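These numbers come from a predicted model, not from an experiment. Keep in mind that the numbers below use all heavy atoms, side chains included, and drop hydrogens, waters and symmetry copies.
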Amino acid sequence: VQLQASGGGLVQPGGSLRLSCTVSRFMQDHWAIGWFRQAPGKEREMVSCSSRSDSSTYYADSVKGRFTMYRDNVKNTVYLHMNSLKPEDTAVFYCATDQGSGIGCYAPPPAYGMDYWGKGTQVTVSS
């Protein structure tokens, strides 16, 4: 399976962006899929992750209330709506899936149990 993230760019603080992640094959309901980011010199961080095993979506504390992940299984696409962006959100954002292994979102960094990663998209928040 291949994943392709897009939608990054330069935005001013307080602005919004929508990232998209297109998956090359049908996303089955039990696949975990999520968004991750890595800033220069920092460890990869799990931003948002959806695991069907518990029907919930995880959000990092730093993005709660500002970011929303939406999964469209019909279009094989996952979106990350990002509002009220801050300079500290600047990073390369990646999408990834475990393709149903069952440990996606739960395993520790840097892989978080995800087996398939897309190329990242750069998000820069700056005035």
Side-chain angles (χ1 to χ4, degrees):
V1 62
Q2 295 180 330
L3 299 92
Q4 179 64 55
S6 61
L10 174 63
V11 63
Q12 292 186 343
S16 299
L17 280 175
R18 187 184 76 165
L19 304 184
S20 299
C21 174
T22 302
V23 184
S24 64
R25 53 176 291 193
F26 177 67
M27 292 192 301
Q28 299 187 42
D29 285 349
H30 66 285
W31 289 17
I33 192 159
W35 286 95
F36 305 79
R37 66 185 179 186
Q38 189 164 19
K42 293 189 176 182
E43 188 177 58
R44 184 183 293 164
E45 175 189 22
M46 183 165 62
V47 175
S48 178
C49 206
S50 169
S51 171
R52 290 296 179 173
S53 65
D54 59 3
S55 300
S56 65
T57 301
Y58 163 88
Y59 293 97
D61 287 342
S62 58
V63 307
K64 281 180 182 177
R66 300 189 298 122
F67 291 10
T68 303
M69 187 174 85
Y70 173 66
R71 178 174 175 163
D72 188 336
N73 282 1
V74 174
K75 294 184 178 180
N76 293 339
T77 302
V78 180
Y79 303 96
L80 185 67
H81 297 262
M82 305 186 296
N83 297 319
S84 302
L85 283 162
K86 305 175 181 180
E88 50 264 42
D89 293 317
T90 296
V92 178
F93 282 69
Y94 302 88
C95 56
T97 181
D98 71 350
Q99 205 177 358
S101 71
I103 63 171
C105 306
Y106 301 111
Y112 296 98
M114 300 305 207
D115 298 314
Y116 299 91
W117 294 78
K119 292 183 179 179
T121 184
Q122 175 71 45
V123 172
T124 302
V125 185
S126 174
S127 56

TODO: For residues T90 and V125, report the shortest heavy-atom separation together with the two atoms involved.
DONE: OG1-N, 2.9 Å

Open item on the list: Between M27 and V78, does the side chain to side chain contact (heavy atoms under 4.5 Å, CB included) criterion hold? Intermediate values first, please.
Closed with: CA-CA 10 Å; M27 292 192 301; V78 180; 3.9 Å; yes

TODO: Go through the structure and list residues passing side-chain hydrogen bond (donor to acceptor under 3.5 Å, both in side chains) with Y79, not counting sequence neighbours.
DONE: none

Open item on the list: Working note: V63 + S48, criterion side chain to side chain contact (heavy atoms under 4.5 Å, CB included); need CA distance, chi angles, decisive distance, verdict.
Closed with: CA-CA 9 Å; V63 307; S48 178; 5.8 Å; no

Task: For P13 against S127, the heavy-atom pair lying closest together - done: CD-N, 3.7 Å

Task: R25 vs V1, side chain to side chain contact (heavy atoms under 4.5 Å, CB included): CA-CA, chis, key distance, verdict - done: CA-CA 6 Å; R25 53 176 291 193; V1 62; 3.5 Å; yes

Task: Contacts of Y112 that satisfy ring pair (Phe, Tyr, Trp, His ring centres under 6.0 Å) - sequence neighbours left out - done: F36

- [ ] Under the side chain to side chain contact (heavy atoms under 4.5 Å, CB included) rule, what do F67 and L85 come out as? Steps first, then yes or no, please.
- [x] CA-CA 9 Å; F67 291 10; L85 283 162; 3.8 Å; yes

TODO: Determine, using the 4.5 Å side-chain heavy-atom cutoff (strictly less than), whether V92 and V123 are members of one ILVMFWY cluster.
DONE: no

Task: Main-chain N/O of T22 paired to N76 side chain as donor or acceptor, under 3.5 Å - done: no

Task: Spatial distance of atom CE (M82) from atom CG (L17) [nearest 0.5 Å] - done: 4.5 Å

Task: Closest contact, heavy atoms only, T121 versus G7 - done: OG1-N, 4.0 Å

- [ ] Inspect the surroundings of CD in Q2 and state if more than 12 heavy atoms from other residues, nucleotides or ligands are less than 6.0 Å away.
- [x] no

Task: C21 to L3 - nearest heavy-atom pair and separation - done: SG-CD2, 3.7 Å

- [ ] May I ask you to decide whether D89 forms a salt bridge with K86, counting only side-chain N to carboxylate O separations under 4.0 Å?
- [x] no

Open item on the list: Count I, L, V, M, F, W, Y as connected when their side-chain heavy atoms are under 4.5 Å apart, and connections chain through other members. Are V47 and Y94 then in the same cluster?
Closed with: no

TODO: Side-chain contact test, heavy atoms from C-beta onward, threshold under 4.5 Å: evaluate it for C49 versus M114 and give yes or no.
DONE: yes

- [ ] Report yes or no: does Y59 contribute a side-chain atom to a donor-acceptor pair with the main-chain N or O of M69 at less than 3.5 Å?
- [x] yes

Task: From SG (C105) to CD1 (I33), nearest 0.5 Å - done: 9.5 Å

Task: Exercise: identify the closest heavy-atom pair between T97 and A32 - done: OG1-O, 2.8 Å

TODO: Please confirm whether the backbone N or O of G14 pairs with a side-chain atom of S84, one donor and one acceptor, at under 3.5 Å?
DONE: no

Task: Residue pair A5 / F93: nearest heavy atoms and the distance that separates them - done: CB-O, 4.4 Å

- [ ] Kindly state each residue pair satisfying salt bridge (Lys or Arg N to Asp or Glu O under 4.0 Å) with at least one member in residues 38-51, sequence neighbours excluded.
- [x] R37-E45

- [ ] Tell me whether M46 is reachable from W35 by hopping between hydrophobic residues (I, L, V, M, F, W, Y) whose side-chain heavy atoms are closer than 4.5 Å.
- [x] no

Task: Value rounded to 0.5 Å, distance of CG in N73 from CZ in F26 - done: 6.0 Å

TODO: Scan Y106, Y58, W31 and name whichever one has a side-chain contact (heavy atoms from CB on, under 4.5 Å) with S51.
DONE: Y106

Open item on the list: Given 3.5 Å as the limit, does a donor-acceptor pair link the side chain of D98 with the main chain of G113, or not?
Closed with: no

Open item on the list: Can you confirm whether R18 sits close enough to S20 that some side-chain heavy atom of one is under 4.5 Å from a side-chain heavy atom of the other?
Closed with: yes

